[in-house]
Amino acid sequence: MHDINFIRNYPEEFDKSLQLRFLDPVSNKIISLDKSKREILTSSQELRFKRKTISSQFAKSDDVEKSKLQEEVRLIKEKIDNLENELLKIDNEIHLILSSLPNLPDQDVPQGKDEDDNLLIKTVGENPAFDFKPLAHYELGENLKMMDFDQAAKVSGARFVYLKNDFAKLERAIANLMLDTHTNKFGYTEVNPPNLVKDSAAYGTGQLPKFSDDLFKTNSDHWLIPTAEVPLTNLHLETTANEKDLPARYTAWTPCYRLEAGSAGRDTRGMIRQHQFSKVELVSLVKPENSNEELERMLNCATSILDSLKLSYRIMLLSSGDMGFSANKTYDIEVWVPSESKYREISSCSNCGDFQARRMNAKYKCNDGNIFLHTLNGSGLAVGRTLIAIVENYQNKDGSIDIPDVLVPYMGGKKIISLK
RNA sequence: GGACAGAUGGGUGAGUGGCUGAAACCAACGGAUUGCUAAUCCGUCGUACUUCGUAAGAGGUACCGAGGGUUCGAAUCCCUCUCUGUCCGCCA
């Protein structure tokens, strides 16, 4: 949600920023709506004042005067009702426009149309050299009988998978490594949040009103979370935090549910793109002046997992056209996937500025008053894709898979996954 | 799912039609004082919007879970909804 005052004060700048997202200018329209809104509001407030003044004379009036006063108030009330109706209409219109506009890109963000314009920040690690043709994770998994897409299709349809045996355990091990790292080493508070949320929460983080097509909805009118970002960030929905409780850092391991409505035909093989996947999420709520450095810190928390797993990856700064709705700046972390000979997104870390906080009404109290927080979120990391990366990067010629050293304790001492 | 009770400012909580944007206490903040890890005293202390003003500031409107209604006038009366608590039923 945008600050209407900012649009009032800097309309050209606002439209210019929207243009980076390939959107038409709207400040003119918003400002003129806002202007008539305030005119109506002022007259309605004056009328209310008048009504209040008249009413206060009522008790000390005689009967003739009383009926006169009643009539007067009745007329005023009619006027107020009309104004309020108009006000409501305009307000809704403004709100709809404002809540459908994405966040404005930060000045660091490269201008561009899509992922081709993303900026490579750095590449870390060495891609493994195989003396055989590396298999894809789904081939390895099916050969090991630890990934079952066929049965999942029968039971649940496309884009689902059964993980079994050591793969199921590996997924749990990966998540535990991530959670332990983020809580013990980086000070995040572990949370086990609700996986179903109401409209207001989905609105707060920006999934609604524009992206309902991407979400699963229950028959109780709940939304299945597409990411733990939603319930974690909304821990601050309609709250005013104390300054001393900041920064607030939360991490959670949850399933994520996505309809993938717009990606028919993409990544249909394997478990790159599923309707349900698990992810360890990082969320920070910080004072405005700290959000830039918090983004760098968060990025570092996420990459440290890949470092400890000895997986190679690269960091991309997303271009203005490739960023998500709520973000003003986003880093993607992409891990090396040998079977595809390319890097694939495994984490996305975003600074949302006060964009979500305005929608959620999430503030903190300080000497200067109550101020909107800045919110950040990042995957730390996508667990399913981490499993893919491990399976493919650590595969051996015989189809077995070495377990990265750091995960061995989490696998009960097991060092290799192979056909039983 | 059934029955009853409740929802007031950061917290506890008073308030059943006009004198209530809201007592009191606690917390917080500012100050004073006392030589003893604190006490006492004084003061300040909700939010949003808006009008006037260069500004400091001065006015106004709205908000007592949400939305409707009654009334000249609603935190207070009525209706609907949401949430919370307790008991019963069911249940991982």
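Quick caveat: nothing in here was measured; it's all calculated off a predicted structure. Residue numbers start from 1 in every chain, and the chains themselves are labelled A, B, ... in the order their sequence lines are given, proteins ahead of strands. As a basis for the values below, the full set of heavy atoms in this structure was taken, side chains included, without hydrogen atoms, waters or symmetry mates.
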A:R358 side chain near B:A48 phosphate (N/O to OP1/OP2, under 4.0 Å) = no
What's the NZ-P distance between A:K66 and B:C72, to the nearest Å?
-> 12 Å
Quote, to the nearest angstrom, the P distance that separates B:U20 from B:A5.
-> 31 Å
Check the distance between B:C81's C1' and A:K198's NZ and give it to me in whole angstrom.
-> 11 Å
Could you measure between the two C1' atoms, the one in B:G9 and the one in B:U44, and give it in whole Å?
-> 15 Å
Name the nucleic acid region contacted by A:F49, choosing base, sugar-phosphate or nothing; use a 4.0 angstrom heavy-atom cut-off, strictly under.
-> sugar-phosphate
Please tell me which of the listed nucleotides, B:U47, B:A62, B:G73, lies nearest to the side chain of A:S55?
-> B:G73
Pair assignment for B:G9, Watson-Crick or G-U wobble, requiring both distances under 3.5 Å = none
Does a donor on one side chain sit under 3.5 Å from an acceptor on the other, for A:K154 and A:Q151?
-> yes
Determine the Euclidean distance between corresponding P atoms of B:C78 and B:A92; express it in Å to zero decimal places.
-> 41 Å
A:Q45 side chain near B:U61 phosphate (N/O to OP1/OP2, under 4.0 Å) | no
If you find the nucleotide of RNA chain B closest to A:R74 and the one closest to A:L41, which residue's nucleotide is nearer the 5' end?
-> A:L41
Considering only NZ, NE, NH1 and NH2 on the basic side and carboxylate oxygens on the acidic side, decide whether A:E260 and A:R273 come within less than 4.0 Å.
-> yes
Candidate list A:H374, A:H236, A:E229, test side-chain hydrogen bond (donor to acceptor under 3.5 Å, both in side chains), partner A:Q356, passing option | A:E229
Rounded to whole angstrom units, what separation is found between the CG atom of A:L69 and the C1' atom of B:C72?
-> 7 Å
If we take the C1' atom in both B:U47 and B:G43, what is their distance in whole Å?
-> 23 Å
Name each donor-acceptor pair under 3.5 Å that joins a side chain in residues 166-175 of chain A to protein atoms two or more places apart or in another chain, with its distance.
| unit_1 | atom_1 | unit_2 | atom_2 | d |
| --- | --- | --- | --- | --- |
| A:D166 | OD2 | A:K414 | NZ | 3.0 |
| A:E171 | OE2 | A:S278 | OG | 2.9 |

Nearest-Å distance, CD (A:E71) to P (B:C72)?
-> 11 Å
If we call it a pair only when both distances are under 3.5 Å in a Watson-Crick or G-U wobble match, what pairs with B:A55?
-> none
How far does the P atom of B:G15 sit from the matching atom of B:U70, given to the nearest Å?
-> 29 Å
Whole angstrom is fine here: how far is it from CD1 in A:I371 over to C1' in B:A48?
-> 16 Å
Would you mind pulling out the nucleotide paired to B:U16, Watson-Crick or G-U wobble, both distances under 3.5 Å?
-> none
5'-most contact on RNA chain B: A:T42 or A:R51, nearest heavy atom basis?
-> A:T42
Considering Watson-Crick and G-U wobble pairs with both distances under 3.5 Å, what does B:C36 pair with?
-> none
Could you check whether A:K363 gets within reach of a base, just the sugar-phosphate, or nothing at all, counting any heavy atom under 4.0 Å?
-> sugar-phosphate
Is B:G30 paired to anything, Watson-Crick or G-U wobble with both distances less than 3.5 Å, and if yes, which nucleotide?
-> B:C42
Per atom distances to the A:R48 side chain, the nearest of B:C72, B:U50, B:A62 is B:A62
Taking the same atom, P, in B:C77 and in B:C91, what whole-Å distance lies between them?
-> 40 Å
Counter-base of B:C77, judged by Watson-Crick or G-U geometry with both distances under 3.5 Å | B:G69
Return the value, rounded to whole Å, for the distance between atom CG of A:N370 and atom C1' of B:C45.
-> 12 Å
Euclidean distance, atom CG of residue A:L87 to atom P of B:U61 [Å, nearest integer] = 16 Å
Side-chain contact check for A:K77: nearest option of B:G60, B:G18, B:U71 is B:U71
For nucleotides B:C49 and B:U54, find the distance between their C1' atoms and express it as a whole number of Å.
-> 23 Å
Pairing partner of B:A48, by Watson-Crick or G-U wobble and under 3.5 Å for both distances, is B:U61
Please find out if less than 6.0 Å separates the ring center of A:F355 from that of A:H2.
-> yes
Separation between the P atoms of B:C83 and B:A66, rounded to whole Å | 15 Å
In whole angstrom, what separates A:K52's NZ from B:G17's P?
-> 19 Å
Does a donor on one side chain and an acceptor on the other come within less than 3.5 Å for A:Q395 and A:E139?
-> no
Tell me the partner of B:U86, counting only Watson-Crick (N1-N3 plus N6-O4 or O6-N4) or G-U wobble (N1-O2 and O6-N3) with both under 3.5 Å; none if nothing fits.
-> B:A3
Qualifying residue for side-chain contact (heavy atoms from CB on, under 4.5 Å) with A:Y394, from A:I417, A:L140, A:L311 | A:L311
